[in-house]
Amino acid sequence: KKIAYVTQFLEINGEKPRIGTGGEEVQSNITDNESAKIKGSHGYVQGYNGLAAADSAHQIIVAANAVGSGPESEFFPEMLDLIEESMELITEQEDPLKNKIVLADTGYFSENNLKEADNREIEVIIPDNNFRSRDSQFDGRPCHSEKKRFDVKDFKHQEEDNTYICPNGQKLVYKGFVQLNRSKGGHKWQAKYSFCRDCPMRDKCISSRGGKKSFRTLHVSRVVQ
């Protein structure tokens, strides 16, 4: 019975596999294929992610959505549509978010979302993933007093041959532009494994999760004007 159930599911859904935010095929669920594995405070659950937007003056929810995805970034345009739909009913104005400010959390930061807001003439405040490292309020705190790993600011770019020089004086060669996921891309530079293998600064440069044969890469995102 289980085999027959799975076979029937694949016949109906097999031609259109579910695609994740990074463009890769994601695991399907034969009971509720619109749901997803969501990470919560008690581990992973099969369910939905609840999204909500509230007005700043009264904290009244003006838009809400339930999505079968852990990452929220790709749903930013859809949430803007829902907010504008609600605000049009309330204000009886067209483009009620035009020239207004929308505040979103780090999960919504992407180049595509910034462009989307710009096209709609909406001012947005969305922190990127590294905003705490630049915030002076965190200076001196134990978790921020010492960088755990070299970042792009520790590498020197050489324009003449478009390479980066690492803190140990070795070159990282340009490998072209790579699309990391559906909403994020960057230019990639890569060091030789032979440079990184016995480097005395390896522990401050390469994550231990990469294994012994890992080497350092840099992904430098495009700058959005």
Side-chain angles (χ1 to χ4, degrees), residues 18-26 36-41 44 47-56 59 61-87 95-139 141 143-144 147-155 157 164 175-189 207 209 216-225:
R18 294 189 66 192
I19 303 299
T21 56
E24 76 286 354
E25 183 178 351
V26 298
K37 284 187 176 180
I38 308 293
K39 186 177 182 180
S41 57
Y44 286 91
Y48 291 83
N49 198 356
L51 312 180
D55 80 304
S56 59
Q59 292 299 296
I61 294 176
V62 294
N65 199 3
V67 298
S69 172
E72 304 171 2
S73 177
E74 65 175 305
F75 300 100
F76 185 68
E78 186 175 338
M79 289 300 294
L80 291 180
D81 289 338
L82 292 174
I83 296 170
E84 290 190 316
E85 183 180 339
S86 295
M87 297 307 296
D95 301 323
L97 288 181
K98 187 175 180 178
N99 299 322
K100 299 297 191 299
I101 298 176
V102 173
L103 175 67
D105 63 33
T106 307
Y108 290 97
F109 182 82
S110 74
E111 181 179 344
N112 289 340
N113 287 344
L114 296 179
K115 288 182 176 180
E116 179 69 25
D118 185 57
N119 291 337
R120 299 183 187 221
E121 298 183 51
I122 300 172
E123 296 289 334
V124 292
I125 301 175
I126 310 177
D128 64 89
N129 293 325
N130 298 314
F131 79 98
R132 291 182 185 273
S133 65
R134 302 188 302 273
D135 192 337
S136 59
Q137 296 184 66
F138 292 89
D139 290 347
R141 296 191 184 186
C143 59
H144 293 274
K147 288 191 296 186
K148 297 180 179 179
R149 187 169 180 254
F150 292 136
D151 59 27
V152 67
K153 290 178 290 186
D154 298 302
F155 293 74
H157 184 249
Y164 270 93
K175 295 295 183 179
F177 181 83
V178 293
Q179 194 70 32
L180 301 177
N181 54 47
R182 189 175 295 180
S183 60
K184 184 178 180 182
H187 295 275
K188 179 180 179 180
W189 282 262
S207 171
R209 292 177 296 178
R216 184 58 195 261
T217 60
L218 286 181
H219 291 97
V220 182
S221 300
R222 290 173 288 182
V223 178
V224 182
Q225 299 295 340

Practice task
Check whether any side-chain heavy atom of Y44 sits under 4.5 Å from a side-chain heavy atom of I38, and report yes or no.
Solution key: no
Problem - Test log, rule side-chain hydrogen bond (donor to acceptor under 3.5 Å, both in side chains), inputs N65 and E78 - result: CA-CA 9 Å; N65 199 3; E78 186 175 338; 2.9 Å; yes
Handout entry: Greater than 12 external heavy atoms within 6.0 Å of K100's NZ
Key = yes
Exercise for the section: Work out which heavy atom in V152 is nearest to a heavy atom in L218; give both atom names and the distance. Expected result: CA-CD2, 4.2 Å
Practice task
Please work out which of the three classes, parallel, tilted or perpendicular, describes the rings of F155 and Y164, given edges at 30° and 60°.
Solution key: perpendicular
Problem - Point-to-point distance, once rounded to the nearest 0.5 Å, from CG of D95 to CD of E84 - result: 6.0 Å
Handout entry: Note, V178 side chain near H219 side chain (heavy atom, < 4.5 Å)
Key = yes
Exercise for the section: Please report the closest heavy-atom contact between A63 and L82, naming both atoms and the distance. Expected result: CB-CB, 3.7 Å
Exercise for the section: Please check if the side chain of D128 supplies one atom and the backbone of F109 the other of a donor-acceptor pair under 3.5 Å. Expected result: no
Practice task
Hey, could you give me the OG/CD1 distance between S110 and I126, rounded to the nearest 0.5 Å?
Solution key: 7.0 Å
Handout entry: Salt-bridge present (D154, R149; N to O < 4.0 Å)
Key = no
Exercise for the section: Taking the side chain as every heavy atom from C-beta outward, state whether I83 and L97 have any atom pair closer than 4.5 Å. Expected result: yes
Practice task
Could you tell me whether a side-chain N or O of R120 sits under 3.5 Å from a main-chain N or O of N99, the two making a donor and an acceptor?
Solution key: no
Exercise for the section: Flag the pair R216 / W189 as yes when at least one side-chain heavy-atom distance between them is below 4.5 Å, and no otherwise. Expected result: no
Handout entry: Atom of S73, atom of P77 and distance for their closest heavy-atom approach
Key = O-CD, 4.4 Å
Handout entry: Close side-chain approach of N112 to F76, heavy-atom, < 4.5 Å
Key = no
Exercise for the section: Please check if the side chain of S86 supplies one atom and the backbone of V62 the other of a donor-acceptor pair under 3.5 Å. Expected result: yes
Problem - Main-chain N/O of Y108 paired with N113 side-chain donor or acceptor, under 3.5 Å - result: yes
Exercise for the section: For A104 and P127, work out which heavy atoms get closest and say how close. Expected result: O-CD, 3.3 Å
Completion exercise
Shortest non-hydrogen pair, S69 vs E74, comes out as OG-OE2, 4.0 Å
Exercise for the section: Could you check if a side-chain atom of V67 sits within less than 4.5 angstrom of a side-chain atom of E72, using non-hydrogen atoms only? Expected result: no
Practice task
Begin from the C-alpha positions of L114 and V124 and carry the test side chain to side chain contact (heavy atoms under 4.5 Å, CB included) through to its verdict.
Solution key: CA-CA 7 Å; L114 296 179; V124 292; 4.0 Å; yes
Practice task
Show your reasoning for whether side chain to side chain contact (heavy atoms under 4.5 Å, CB included) applies to V102 and I125.
Solution key: CA-CA 6 Å; V102 173; I125 301 175; over 6 Å; no
Handout entry: Value rounded to 0.5 Å, distance of NZ in K188 from OG1 in T217
Key = 6.0 Å
Practice task
Return the minimal non-hydrogen interatomic distance between I61 and A64, and the atom names on each side.
Solution key: CG2-CB, 4.3 Å
